[in-house]
2 protein chains.
Amino acid sequence: MLRVSKLTDYATVILTHIAHQPDELHAASDITQSTGVALPTVSKVLKLLSKANILISHRGAKGGYQLAKKPNETNVAEVITAIEGPIGMTECMTSKGTCEQEPSCEIKGNWSLINRAVYTALEAVTLADMAAPVRQQAVSVVMPMTKETNELKVEN
Amino acid sequence: MLRVSKLTDYATVILTHIAHQPDELHAASDITQSTGVALPTVSKVLKLLSKANILISHRGAKGGYQLAKKPNETNVAEVITAIEGPIGMTECMTSKGTCEQEPSCEIKGNWSLINRAVYTALEAVTLADMAAPVRQQAVSVVMPMTKETNELKVEN
DNA sequence: CTTATATAGGACTATTTTAGTACTATATAA
DNA sequence: TTATATAGTACTAAAATAGTCCTATATAAG
Ligand code: FES
Ligand code: FES
């Protein structure tokens, strides 16, 4: 079904919450209350985000987490990568040399382009976007094209 | 890691193979030989693709499968949907009414836009593209935008 | 210095999803 | 009638994910 994991979904909810008060410290226990996600799970997500330098942590009493960068400087692709690891639509994209039919594979190149297109789409959405009301914009994405149409359809 | 399942990957390999001879019938046993994928697995994939009307099946002796449409009329989004079910980045996208925090959820709208962007990217690639050598093109995708930039960045 | 608080890190279990296989029924060409 | 090939379904095994828990470490405050 091509979906992100639950943890990633939690991560966006949590980060969106934090993005509303970017300068304050947010303890895991506070976030549990405001999001409804169980404490151990919240804790796990926060650790992963901290490790990926999306959040900065402060230990000890009165500690907590805050955004490492401005809300518009962290995007969804980074969040997904922090929780799930590198984004690659097929196994061959993330784990090199594993695939037996790699030498003769003719579709790898196209998957790589699809990959880039999806990544670009995810990269275009920031925490600021998530925290803000929904509006619309257009973004250009690199894609493979058919043999027949030998020129760019849309230029950016 | 945001990836399609192995079966989906097989499906693209198989369909790309068939797309090279769109008018001939391809039996599961033939496809096993030319792709290296185990027969029961090939069989499973072909059945799913047939059920989704991406392939047409012919039973009995000298039977097999062929493309239901021209190679450029079937896209990757359809293939993924055929094997994995509806494409939705989060659970809330595909299974309505399940999420407890749906009423108060402020990020659903943005996930919906991300979803559409990814879908558009996948929709833009056809079997003809997969079968052809890799080239480049640009495609426009609808995305959410920040509060500040209240106008379209790129028009298509 | 001591205590309470909060994150860091890792290990572990349970659950869910995916992959792969097998078997029976049905259709068709020869 | 027989050989061949798909349809449909059920089942098992393997892998990924989700969720929990425990111990160590850092820090603010009394
Ligand atoms: S399927 Fe692995 S490299 Fe193409
Ligand atoms: S998280 Fe389920 S609707 Fe937003």
Walk me through it: do His17(A) and Thr35(A) pass the test side-chain hydrogen bond (donor to acceptor under 3.5 Å, both in side chains)? CA-CA 8 Å; His17(A) 173 71; Thr35(A) 62; over 6 Å; no
Taking the nucleotide of DNA chain D with the closest heavy atom to each, which residue, Lys51(B) or Gly64(B), is nearer the 5' end? Gly64(B)
For Gln33(B), I'd like to know if atom CD has over 12 heavy atoms of other residues, nucleotides or ligands within 6.0 Å. no
Paired with His26(B), the side chain to side chain contact (heavy atoms under 4.5 Å, CB included) test is passed by just one of Leu67(B), Ile18(B), Ile14(B), namely Ile18(B)
Return the value, rounded to whole Å, for the distance between atom CG of Leu55(A) and atom C1' of dA8(C). 14 Å
For Ser43(B) and dT6(D), is the shortest distance between a side-chain N/O and OP1 or OP2 below 4.0 Å? no
For a quick check, with a 4.0 angstrom heavy-atom cut-off, what is the B/S/- contact string for nucleotides 19-29 of chain C, read 5' to 3'? BBB----BBBS
Taking any heavy-atom pair under 4.0 Å as a contact, classify Ser50(A): base, sugar-phosphate, or nothing. sugar-phosphate
Between Arg116(B) and Glu123(B), is there a side-chain N and carboxylate O pair less than 4.0 Å apart? no
Are Ile54(A) and Leu48(A) grouped together when hydrophobic residues (ILVMFWY) are joined by side-chain heavy atoms under 4.5 angstrom apart? yes
Electrostatic pair Arg3(B)-Glu84(A), nearest N-O below 4.0 angstrom: no
Under 3.5 Å side-chain donor-acceptor pair for Asn115(A) and Ser112(A): no
Using a distance-only test with no angle check, is there a side-chain donor-acceptor pair under 3.5 angstrom linking Ser5(B) and Thr8(B)? yes
Stem regions touching DNA chain C, defined by at least 3 consecutive Watson-Crick or wobble G-U pairs below 3.5 angstrom: C:1-30 with D:1-30
